[in-house]
Amino acid sequence: MAFALKKRGPSNFERAADGSMTLIEHIRELRTRLFRASLAIAVGLIGGFLLAQPAFNLLKQPYCRLPGMVVDGECQNFLMLAPADGFVLKLKLALWIGLIIGAPVWLYQLWAFIAPGLHRHERKWAYLFVAIAAPLFAAGAVLAYFVVDKGLAFLLEAGVTGTDSQLEVTRYISFVTNMILLFGVAFEFPLTLLMLNFTGVVSARRLLSWWRAVVFICFAFAAVATPDPGPFGMTLLALCLSLLYFVAVGVAFLNDRRKGRGKEIYAGIDDDEVSPLTFDPEPVQAGQRVDASAPIVAPEPVAAPAPIDRRYDDMT
């Protein structure tokens, strides 16, 4: 016996895309998405709590490489100003690790809520940009760890206490994680340029015309962001950002060639420039003379009929 399959209605994604969902339904969907994202972060927090100690051992390696910090084959401990500092720091590391572990889930929930408002081609480019953003952030994080490893000794040697002084654990970990976050966000700069080019805001030729200012900004940012006042860390970060900028400009040129930009009729004309006439107008010749028609004479008014004498009708 054949059973008739029940026809399923449109999904929430389809209803949100065509605008048939009400405001209350959007709020309920947002609540559901936030709950799922929070649940994924909570599960990742449990895993992060187990991985917090290995992560701490990795972050403290620059500190242990300082001269005089290794005694009898073991790295000296950090200073703690409060009894709960160690536990609070473990929770912070667990939260960071939990965000990384649960990133596929909470990023998908965020995307599933935003995607219905985008066009199909916009969703395609969004997938590509997210796929590029993750490796760029990871590359920035690795570079930050390398710069901290090389610049920490210089910072302590330039101070009055020297390299044999112990550091406070929470401030040290905050310093390292802030550097990782700062470098990771800085490496997203070329991706921002590509987004501007793919959306048609700026052309590749215009991006290339900014190269002097961009290179200067990269070196100025590197001079402020790197903890090492020496030229090594600053030059390394500035060269990486400049290289990523030129790579982004090259991809923008390929995108402009693919879309045929620069071949438009007004491509070489500025917005405030008058476009020249590229054709010679033909002289206008006078047409044949048209004689005026005879004037129309209005007809004479018709007189009203004489009134009828009703006295005859009364006599009959």
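Throughout, numbering of the chain's residues begins at 1 and tracks the sequence. Being a predicted model, the structure only gives us computed values, none of them experimental.
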Side-chain heavy-atom pair [X], [Y] within 4.5 angstrom cut-off:
X: Arg65; Y: Asp149; answer: yes
X: Leu93; Y: Leu59; answer: yes
X: Phe187; Y: Leu143; answer: yes
X: Ile132; Y: Leu136; answer: yes
X: Phe183; Y: Val142; answer: no
X: Asn197; Y: Asn255; answer: yes
X: Leu237; Y: Phe219; answer: no
X: Trp210; Y: Val249; answer: no

Inter-residue atom distance [X].[atom1] - [Y].[atom2], 0.5 Å rounding:
X: Phe87; Y: Lys92; atom1: CZ; atom2: NZ; answer: 12.5 Å
X: Ser242; Y: Phe189; atom1: OG; atom2: CZ; answer: 9.0 Å
X: Ile97; Y: Leu50; atom1: CD1; atom2: CG; answer: 9.5 Å
X: Lys60; Y: Leu58; atom1: NZ; atom2: CG; answer: 11.0 Å
X: Phe253; Y: Leu208; atom1: CZ; atom2: CG; answer: 5.0 Å
X: Leu193; Y: Leu244; atom1: CG; atom2: CG; answer: 10.0 Å

- Query: Checking Asp85 side chain against Ala82 main chain: does a donor-acceptor pair fall under 3.5 Å?
  - Reply: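 Pair found, side chain donor or acceptor close to backbone of Ala82.
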
- Message: Please determine whether side-chain contact (heavy atoms from CB on, under 4.5 Å) holds for the pair Phe137 and Leu181, giving the CA-CA distance in whole Å, both sets of side-chain angles, and the decisive distance to 0.1 Å.
- Response: CA-CA 8 Å; Phe137 188 90; Leu181 182 62; 4.1 Å; yes

Following the transitive rule for hydrophobic clusters with a side-chain heavy-atom cut-off under 4.5 Å over Ile, Leu, Val, Met, Phe, Trp and Tyr, establish whether [X] and [Y] coincide in one cluster.
X: Phe35; Y: Leu107; value: no
X: Val214; Y: Leu239; value: yes
X: Ile173; Y: Leu51; value: no
X: Phe246; Y: Leu207; value: yes
X: Leu99; Y: Val176; value: no

To check you understand the geometry: which heavy-atom pair defines the closest contact between [X] and [Y], and what is its length?
X: Ala238; Y: Cys218; result: CB-O, 3.9 Å
X: Val105; Y: Arg36; result: CG1-O, 4.2 Å
X: Leu182; Y: Ala225; result: CD2-CB, 3.5 Å
X: Ala141; Y: Ile180; result: CB-CG2, 3.5 Å
X: Leu191; Y: Ala133; result: CD2-CB, 3.6 Å
X: Gly48; Y: Ile101; result: N-CD1, 4.2 Å

- Message: Please enumerate all residues that pass side chain to side chain donor-acceptor pair (under 3.5 Å) together with Glu188, with sequence neighbours excluded.
- Response: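 Partners of Glu188 by the side chain to side chain donor-acceptor pair (under 3.5 Å) criterion come out as none, since no residue qualifies.
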
- Item | Selection residues 93-110 - residue pairs positive for side-chain hydrogen bond (donor to acceptor under 3.5 Å, both in side chains), sequence neighbours left out | Arg33-Gln109

- Item | Pair Gln53-Asn57, side-chain donor/acceptor within less than 3.5 Å | yes

